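Every value quoted in this text rests on a predicted model; they were computed, and no experiment measured them.
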Amino acid sequence: MSRVFFKKFKFFFEKLKILLYNVRNISVRYGGYRMGIFIVAIFLLLIGYLSIGIAKISGGKANEIKKSLENNKENLLETEGTLELIKVEGGWRFRSFDVRIEFKNQNEKIFSYDKTYTSTESRASFLLKCENKGEVAVTVIYNKKNPSEYYIKELEELEVSENSKIGLTIIGGLFILVGLCTIYVGIK
């Protein structure tokens, strides 16, 4: 595994070196070399900073879900419920899913909640499979004292948030690294 990782890492830095060399040559050819390269570097640093900020938000969501599940262990119950996909909005990369969740509590009282999920906070693949199926059976973990606090196992919100936190932090760090390398090439 480490050998493959290092090959990909080496490949990434070779492509980065070629990219920075081309940016430098274009800037020199068309004048304004230093200003152009620093503008590119500022944009790269901003994208990196924003990615790390979004990762922090995802980490906060993951911690909130963990805390909710751990603090209420004695009040949590697992039951079968249904999920109905009402509407899908958005494009190819970012989608919003309006769903209706229904489940019965321990007293056989039926609870129904409408909620909007996005592809960044839940498994979009599961929601897309539910698109034209009507009501789909799901496993709901809910707080028996406050049934509005629930967690749907199949959507894997906790795992998606934790993976987003890690992935976006790495991507943000790489953008910042590329921005710093661009500044170095501009000064050199």
Going by the rule ring-ring contact (aromatic ring centres under 6.0 Å, His included), which residues pair with Phe97 if we only count those two or more places apart in sequence or in a different chain? none
Hey, is NZ on Lys56 packed in by over 12 heavy atoms from elsewhere, all under 6.0 Å? no
Around Tyr117, counting heavy atoms of other residues, nucleotides and ligands shown, do more than 12 lie under 6.0 Å from its OH? yes
Would Leu45 and Val185 show up in the same hydrophobic cluster when neighbours are defined by side-chain heavy atoms closer than 4.5 Å? yes
Do you know which two heavy atoms are closest between Ser58 and Lys165, and how far apart they sit? CB-N, 4.0 Å
Straight-line distance of Leu168 CG to Phe175 CZ, nearest 0.5 Å: 11.0 Å
Roughly how far, to the nearest 0.5 Å, is the CG atom of Leu76 from the CG atom of Asn143? 6.0 Å
Hey, is CD on Glu78 packed in by over 12 heavy atoms from elsewhere, all under 6.0 Å? yes
Nearest heavy-atom contact between Ala55 and Ser164 is CB-O, 4.4 Å
For Ile110, the hydrophobic cluster (side chain heavy atoms closer than 4.5 Å, chained through members) also holds none
Report yes or no: do Val40 and Ile171 belong to one cluster of Ile/Leu/Val/Met/Phe/Trp/Tyr joined by side chain heavy-atom distances under 4.5 Å? yes
Report yes if the side chains of Val138 and Lys153 come closer than 4.5 Å at any heavy-atom pair, otherwise no. no
Given side chains that start at C-beta, do those of Ile152 and Val99 come closer than 4.5 Å, heavy atoms only? no
Output yes when Arg100 and Glu102 qualify as a salt bridge under the 4.0 Å nitrogen-oxygen rule, no when they do not. no
Here the gap from Ile65 atom CD1 to Glu159 atom CD, rounded to the nearest 0.5 Å, amounts to 8.5 Å
What class does the angle between the rings of Tyr142 and Phe103 fall in, given that below 30° is parallel, 30 to 60° is tilted and above 60° is perpendicular? tilted
With the 4.5 Å side-chain cut-off for hydrophobic clustering, are Val136 and Tyr150 part of the same group? yes
Nearest 0.5 Å please: distance from the OG1 atom of Thr79 over to the NZ atom of Lys104. 8.5 Å
Inter-residue atom distance Cys181.SG - Ile176.CD1, 0.5 Å rounding: 12.0 Å
Is it true that a side-chain atom of Asn107 and a backbone atom of Lys109 form a donor plus acceptor pair closer than 3.5 Å? no
Please determine whether residues Leu77 and Leu83 belong to a single hydrophobic cluster, defined as Ile, Leu, Val, Met, Phe, Trp and Tyr linked transitively by side-chain heavy-atom distances below 4.5 Å. yes
Determine whether Leu177 and Ile42 fall in the same hydrophobic cluster, where Ile, Leu, Val, Met, Phe, Trp and Tyr are linked whenever their side-chain heavy atoms lie under 4.5 Å apart. no
Closest heavy-atom pair, Ala41 versus Ile183, reported as atoms and distance to 0.1 Å, is CB-CG1, 3.4 Å
About how many Å separate CD1 of Ile47 and CD1 of Ile52, when rounded to the nearest 0.5 Å? 12.5 Å
